[in-house]
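These notes are about the structure you will find just below.
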Amino acid sequence: MTTNVAATAGSDFIREIITNDLKAGKNGGRVVTRFPPEPNGYLHIGHAKSICLNFGVAREFGGVCHLRFDDTNPAKEDVEYVDAIMEFVHWLGFDWGDKLFYASDYFAKLHDFAVELIKRGKAYVCSLTPDEMRAYRGTLTEPGKDSPYRSRSVEENLQLFAEMRAGKHEEGTHVLRAKIDMASPNLNLRDPAIYRIKKAEHHRTGDTWCIYPMYDFAHALSDMIEGITHSLCTLEFEDHRPLYDWCLETLETPCHPQQIEFARLNLSYTVMSKRKLLELVEGGYVSGWDDPRMPTLAGLRRRGVTPEAIRDFCQRIGMAKRDSLVDMGMLEYSVRDDLNHRAARVMAVLRPLKLVIENYPEGQVEEMDAVNNPEDPSMGSRKVPFARELYIEQDDFREDPPKKFFRLSPGREVRLRYGYLVTCTGVVKNEKGEVVELRCTYDPATRGGNTPDGRKVKATIHWVSAAHARPAEVRLYDRLFNHENPGLEKDGKDYKTHLNPSSLETLPQCWVEPSLAGAAAGSRLQFERLGYFCVDPLSTADKLVFNRTVTLKDTWTKLEQRGEVD
RNA sequence: UGAGGAGUCGGCUAAUUGGCAAGCCACCUGACUCUGGAUCAGGCGAUUGAAGGUUCGAGUCCUUCCUCCUCAGCCA
């Protein structure tokens with residue numbers, strides 16, 4: 001993997017802030033970050049950006065990064081997600097050591113902080129209905145009005161809050177609010193709710209609680225409790241920072257983490273919001289959270305994308321505060337760059353065309369030496385059987401080739417990779433006039449693909465022996481959407497209208513070289529000249545299934561699409 | 001129209017904090033090649049959202065304006 005981007009690492013605004021803090025002796029020289037997912041969905045590549053940032057920063061500055069589940073809403077959360085999140089943080093290559101926490105671990109403390117707030121006259125129990133509360137909140141341009149319950153005495157608030165906790169009140173009847181300023185131009189400061197009644201079973205605390213803290217309150221204090229020094233989050237929380245700070249200042253906590261916001265990741269030709277991703281899964285638009293077209297880590301993994309490639313990608317895209325749309329091509333570059341160095345090369349024919357070598361002895365089989373990875377000699381070589389009847393790619397033959405088409409055509413000679421040079425001597429067509437078989441002759445002096453006489457051939461194509469190849473199903477994946485920014489919905493069109501109808505093409509009858517017979521699920525390979533593929537987890541010895549991760553760069557197709565082949 | 005943010009090559013990000021606007025992706029040439037891959041060499045491409053101002057000198061400081069994003073959950 002190239003490391004030239006490492007030179008610029010450490011130059012983003014967040015690392016600059018931390019460097020300066022360290023220089024100024026803040027936090028006693030400690031750097032503690034945290035990755036705080038809510039266990040209500042699967043991780044996607046946007047989370048990967050945050051994970052790389054938080055764990056990366058900790059590592060670079062000799063600090064630690066906590067994994068903390070922000071599980072303050074039992075109605076939406078589940079252990080299923082907790083387990084999946086941990087699995088994928090590890091998969092991405094990061095480790096939280098013994099720093100695994102849950103906001104729910106702090107429920108008792110958080111409750112006590114809420115009581116303290118009440119005692120300080122900084123919180124009150126409000127008995128407005130949700131609708132009334134909304135009406136009292138005002139609008140973006142008009143100030144809100146004080147709740148009639150705002151002036152309840154400390155004693156009454158304490159009493160009521162205790163009753164809320166004891167389950168004496170129904171959901172929606174009471175809420176604990178911070179007493180800040182109903183006229184604040186920042187809506188988050190208009191007496192935000194910090195505790196609400198929710199009679200739901202929590203995945204960790206069961207029915208111990210029937211009141212749960214809200215995000216702003218829980219997050220600031222959880223950060224404080226853990227001694228987080230830099231609390232990194234996305235831009236939409238910028239407006240919440242005054243509330244984050246208010247909680248810590250008002251409670252005069254011993255430490256006060258610094259919240260810093262960065263732009264979330266947007267990737268072209270996909271969507272990133274949990275709601276949309278969930279809708280794609282539930283609506284059957286994809287096969288599941290791990291559908292290889294999904295930007296989820298589960299999907300990317302099944303697609304064959306490596307954690308190294310994702311980390312490299314996150315490094316390359318940088319870190320800033322401006323909204324941006326990162327080109328999918330950027331991710332593909334990182335994927336190819338990584339796989340080029342590590343994926344073993346094999347031969348596979350996706351759209352088979354039979355080729356018969358007329359002067360090759362019937363029944364003869366030769367084991368040809370094939371290099372596993374020209375980028376890495378230590379990966380060795382393997383034997384590939386060569387015989388009289390082969391399959392080649394339909395795309396590699398043109399009966400009437402344009403000028404810049406270098407591959408096989410009548411009368412032309414090409415090299416069969418690691419095999420022999422063959423010349424096309426004739427074609428066999430079916431009743432519809434389609435070419436169904438090629439007749440060729442080979443030059444016995446070119447064994448292994450060598451040309452003792454120094455003669456040049458313009459093309460080398462891949463092949464498999466018809467008698468030895470294993471059948472396989474190959475799934476060709478393409479971008480899920482055909483619109484660069486489907487989630488924008490600016491034109492009023494639902495993002496689903498931009499779903500790419502050909503994002504998946506299944507080729508049920510492909511042939512792969514015999515060395516792939518027992519390929520392990522998850523193995524990543526390069527099918528020579530076609531792209532990078534991986535063995536699907538559901539692939540079996542009886543039925544091999546490969547997923548295309550990404551194509552190889554394809555100059556020929558580009559020329560052809562531009563019409564520059566003649 | 002309240003508040004908070006953000007505007008730098010086609011995309012993403014830098015700029016020693018006032019000193020020749022740099023890198024990556026993409027794109028284009030060429031070399032090399034038993035993958036039309038990879039690699040290598042080179043190239044294209046930003047009057048830094050706009051207009052003023054301060055200054056010997058402004059992406060950076062000041063003023064005005066424009067555009068875009070976020071916020072009116074008892075979600076996070």
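Chain letters run A, B, ... following the sequence lines, proteins first and then strands; every chain starts at 1.
- Proximity note for A:Asp239 (side chain, C-beta onward) versus B:G4, B:G37, B:C74: the nearest is B:G4.
- Within the nucleic acid shown, A:Tyr195 has no heavy atom closer than 4.0 Å to any nucleic acid atom.
- A:Tyr42 and A:Tyr81 have their aromatic ring centers within a separation under 6.0 angstrom.
- Proximity of A:Thr139 to the phosphate of B:G2: no side-chain N or O atom is located under 4.0 Å from OP1 or OP2.
- Contact check, A:Tyr333 against B:C25: a side-chain N or O comes under 4.0 Å of OP1 or OP2.
- Each of B:G11, B:G4, B:A72 was ranked by its minimum atom distance to the side chain of A:Glu238; first place goes to B:G4.
- Between A:Tyr442 and A:Phe386, the ring center distance fails the sub-6.0 Å criterion.
- Here, B:C9 and B:A51 have their P atoms 15 Å apart, quoted to the whole Å.
- A:Tyr212 comes within 4.0 angstrom of no nucleic acid atom, judged by non-hydrogen atoms across all strands.
- Distance from the side chain of A:Lys76 is smallest for B:C75 among the nucleotides B:U70, B:C75, B:C12.
- Comparing B:U16 with B:C32, their P atoms sit 43 Å apart, to the nearest whole Å.
- Residue whose closest nucleotide on RNA chain B sits further toward the 5' end, between A:Thr446 and A:Gly329: A:Gly329.
- Both A:Arg336 and A:Arg134 lie near RNA chain B, and the one whose nearest nucleotide falls closer to the 5' end is A:Arg336.
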With salt bridge (charged side-chain N to carboxylate O under 4.0 Å, His left out) as the criterion, how do A:Lys558 and A:Asp554 come out once you've worked through the C-alpha distance, each side chain's angles and the decisive distance to 0.1 Å?
CA-CA 6 Å; A:Lys558 194 188 294 174; A:Asp554 188 351; over 6 Å; no
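- Between A:Lys490 and B:C69 there is a side-chain N or O to OP1 or OP2 distance below 4.0 Å.
- In this structure, the nucleotide among B:G36, B:A76, B:A72 sitting nearest to the side chain of A:Arg137 is B:A72.
- Checking the phosphate oxygens (OP1, OP2) of B:A76, a side-chain nitrogen or oxygen of A:Thr72 falls inside 4.0 Å.
- For the pair A:Arg316 and B:G23, the criterion of a side-chain N or O lying under 4.0 Å from OP1 or OP2 is not met.
- The base of B:G37 sits with one of its N or O atoms less than 3.5 Å from a complementary donor or acceptor on the side chain of A:Glu375.
- Under the 90° criterion around 0 for the glycosidic angle, B:G73 counts as syn.
- Ring geometry for A:His44 versus A:His47: interplanar angle of 30 to 60°, hence tilted.
- Note on A:Leu325: only backbone sugar-phosphate atoms sit closer than 4.0 angstrom, heavy atoms only; bases stay farther off.
- Within the nucleic acid shown, A:Glu332 has no heavy atom closer than 4.0 Å to any nucleic acid atom.
- In a base pair of the Watson-Crick type (N1 to N3 plus N6-O4 or O6-N4) or a G-U wobble (N1-O2 and O6-N3), with each distance short of 3.5 Å, B:U33 is matched with no nucleotide.
- For A:Arg345 against B:U35, a side-chain N or O and a base N or O form a donor-acceptor pair under 3.5 Å.
- When the side-chain nitrogen and oxygen atoms of A:Lys558 are compared with OP1 and OP2 of B:C28, one or more of them lie within a distance under 4.0 Å.
- At a threshold of 4.0 angstrom between heavy atoms, the contacts of A:Pro374 include nucleobase atoms, whether or not backbone atoms are also involved.
- Here the nucleotide nearest the side chain of A:Arg562, chosen from B:C28, B:C69, B:C75, is B:C28.
- A:His462 comes within contact range of no nucleotide atom at all, as no heavy-atom separation falls under 4.0 Å.
- Nearest to the side-chain atoms of A:Leu187 among the listed nucleotides B:U35, B:A76, B:G2 stands B:G2.
- Phosphate proximity of B:U35 to A:Lys553: absent, as no side-chain N or O sits under 4.0 Å from OP1 or OP2.
- A:Ile317 contributes atom CD1, which lies 7.5 Å from atom CG of A:Leu267 (distance to the nearest 0.5 angstrom).
- For A:His219 and A:Tyr215, the ring centers sit closer than 6.0 Å to each other.
- At a cut-off of 3.5 angstrom, the base of B:G36 holds no donor-acceptor pair with the side chain of A:Arg529.
- Under the Watson-Crick or G-U wobble criterion, with both distances below 3.5 Å, B:A58 has no partner in any strand shown.
- Between B:U1 and B:U67, the two P atoms lie 9 Å apart (nearest whole Å).
- Between A:Glu393 and A:Arg529 there is no salt bridge, since none of the side-chain N atoms of the basic residue sits less than 4.0 Å from a carboxylate O of the acidic one.
- Remark: A:Arg241 is not in phosphate contact with B:G5, judged by side-chain N or O atoms under 4.0 Å from OP1 or OP2.
- Out of B:C74, B:A76, B:C71, the shortest distance to the side chain of A:Leu140 is found at B:C71.
- Rounded to a whole Å, the CD atom of A:Glu528 is 5 Å from the C1' atom of B:U35.
- When the C1' atom is compared between B:U60 and B:G53, the two are found 15 Å apart, to the nearest whole Å.
- The side chain of A:Thr555 places an N or O atom within less than 4.0 Å of a non-bridging phosphate oxygen (OP1 or OP2) of B:G37.
- Of the candidate nucleotides B:C12, B:A38, B:C75, B:C12 has the atom nearest to the side chain of A:Val326.
- The nucleotide B:A3 finds its pairing partner in B:U70, both defining distances of the Watson-Crick or G-U wobble pair being shorter than 3.5 Å.
- Residue contacts shown for A:Asn450 include a base, since a base heavy atom lies under 4.0 Å away.
- Counting any heavy atom pair closer than 4.0 Å across all strands shown, A:Ile317 reaches sugar-phosphate atoms only and no base atom.
- Between the C1' atoms of B:C74 and B:C69, the separation comes to 27 Å (whole Å).
- Between A:Phe481 and A:Tyr495, the angle of the ring planes lies from 30° to 60°, which puts this pair in the tilted group.
- For A:Lys321 and B:C69, the shortest distance from a side-chain N or O to OP1 or OP2 is not below 4.0 Å.
- Annotation: cation-pi pair A:Arg316/A:Tyr333 absent, no NZ/CZ under 6.0 Å from the ring centroid and within 45° of its normal.
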